[in-house]
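Down below is the structure, laid out as structure tokens.
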There are 2 protein chains.
Amino acid sequence: MEQTRERLLNTAADMFSTQGYAGVSMREIARVMGITQAAIYHHFPSKDALYIAAVTFVFEKQTLEISEQMSAIDSPAERLVLMISAMLEAMEEDPRFRRIYLRELLEGDEQKIAAIAENAFTAFYEPLYQLMGELAPGSDRQLHIFSLAGLIFHHLEARKLAPHLPHANEGKTTIPSLARHITNLFMYGVSS
Amino acid sequence: MEQTRERLLNTAADMFSTQGYAGVSMREIARVMGITQAAIYHHFPSKDALYIAAVTFVFEKQTLEISEQMSAIDSPAERLVLMISAMLEAMEEDPRFRRIYLRELLEGDEQKIAAIAENAFTAFYEPLYQLMGELAPGSDRQLHIFSLAGLIFHHLEARKLAPHLPHANEGKTTIPSLARHITNLFMYGVSS
DNA sequence: GTCTATAACATGATAGAC
DNA sequence: GTCTATCATGTTATAGAC
């Protein structure tokens, strides 16, 4: 079955994205899969190859899913709202992409950073670059894209911090409310 | 000498912050220190204890350094400028705090997340919570604090991504220019 | 495609000399 | 305060049977 390979990719991606490369052993992956560690080597020649395949698998899935929803038909402001919602929803449904992205940003060497730039960003980057040019002509578009990414990534991860902080709200932060908050801040700033 | 202990804390913090807990071995730390692995156990009883001590060491240093610069004498808008600059400069000079924070946010269990909330945020959180109330009365202050943190953390890490992306600027992004960008966006939004 | 068995090495931790 | 030596275990990876 070619199905085992995909299940292996999914399992490995789950574990690598939350525990990191060094934090996951082949035995652990095999145990979760319900097979022995040696069996993995029938599908991938090394831990490194499995990691790269799993990361590529997740990145392609996520960039495809998001870029599908990036229609260019609306006005710039409407397009921003749609893009923010689409990114939040896709990265909420599958947290693996954002976690691998953030982790590689922390510890990745030059080569992996370059791979991230090529694989992860090309799908979003051009539509966003175009959009920033319409929303704020003459500005540094790359800085604005990094700002938007920072808002989205950090809000999604920081939610688990919220209940432990002073002045915590009682209710959970929903994705639609996050989308509203980020859109407003990005468009009009804190005083909006 | 009590100096060895501090040098050990610094070395371990450097390595843990960039490679993560599982990515660093006691032998590697010892090799960088120029001693043998067994000697570490004279200072700390386990790898876990060393990690916790190193993280606490870095967090106390950073929160002290930043909270010193958070004067409450200026107008809200001026205070925002000063806080953003202070955080960017402190976290640029010593990247360990922000890296450990981001990593623990990714893979920390409930207990470590609670410890982060208590140790890392209390120093910034109250002054920022106060500030947000003045800048945007009636808004969700916690969401705004998370937004500001996301902007600062992500911009600092994303710089290494910039040269690999399309439309890259020739010059490097400086801390003052980052401070201006973040302040403007946070105050007035993208159209400022 | 998965198993058992094993090789070759790395890891956290301890004992005891100096 | 650091060393050498060692233990028990965990690690990636391979060989070969089924």
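Protein chains get the first letters and strands the later ones, always in sequence-line order, with residue 1 at the start of each.
Residue A:Leu8 contributes atom CG, which lies 13 Å from atom C1' of C:dT2 at whole-angstrom precision. Between the P atom of D:dT11 and the CD1 atom of A:Ile29 lies a distance of 11 Å, rounded to the nearest Å. The distance between atom NE2 of A:His43 and atom P of D:dA13, rounded to the nearest whole Å, is 16 Å. Separating the CZ atom of A:Phe44 from the C1' atom of C:dT2 is a distance of 16 Å, rounded to the nearest angstrom. If you take CZ of A:Arg31 and C1' of D:dT11, they are 15 Å apart, rounded to a whole angstrom.
Using a distance-only test at 3.5 Å, with no hydrogens or angles considered, no donor-acceptor pair links the side chain of B:Lys112 to the main chain of B:Glu104.
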Footprint string (nucleotides 3-18 of chain C, 5' to 3'): B base within contact, S backbone only, - free, heavy atoms under 4.0 Å: SB------BBBB----
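Judged by distance alone, the side chains of A:Arg96 and A:Asn10 do bring a donor and an acceptor atom under 3.5 Å apart. Using modelled atom types, one finds a donor on one side chain and an acceptor on the other under 3.5 Å when comparing A:Glu126 with B:His167.
Checked against B:Asp94 for a side chain to side chain donor-acceptor pair (under 3.5 Å), the options B:Lys61, B:Arg99, B:Gln62 give a single hit: B:Lys61.
Regarding contacts with the backbone of D:dT2, every side-chain N or O of B:His42 stays at 4.0 angstrom or more from both OP1 and OP2.
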Determine all donor-acceptor pairs shorter than 3.5 Å in which one atom belongs to a side chain in residues 133-142 of chain B; sequence neighbours excluded.
residue, atom, partner, partner atom, Å
B:Glu134, OE1, B:Arg79, NH2, 2.9
B:Glu134, OE2, B:Arg79, NH1, 3.3
B:Glu134, OE2, B:Arg79, NH2, 3.1
B:Glu134, OE2, B:Gln130, NE2, 3.1
B:Ser139, OG, B:Ala136, O, 2.7
B:Ser139, OG, B:His144, ND1, 3.3
B:Asp140, OD1, B:Gln142, N, 3.2
B:Asp140, OD1, B:Leu143, N, 3.2
B:Asp140, OD2, A:Asn169, ND2, 3.0
B:Arg141, NH1, B:Tyr129, O, 3.3
B:Gln142, NE2, B:Tyr125, OH, 3.0

Please set out all donor-acceptor pairs under 3.5 angstrom arising from side-chain atoms of residues 184-192 of chain B, sequence neighbours excluded.
residue, atom, partner, partner atom, Å
B:Asn184, ND2, B:Arg180, O, 3.4
B:Ser192, OG, B:Gly189, O, 3.1

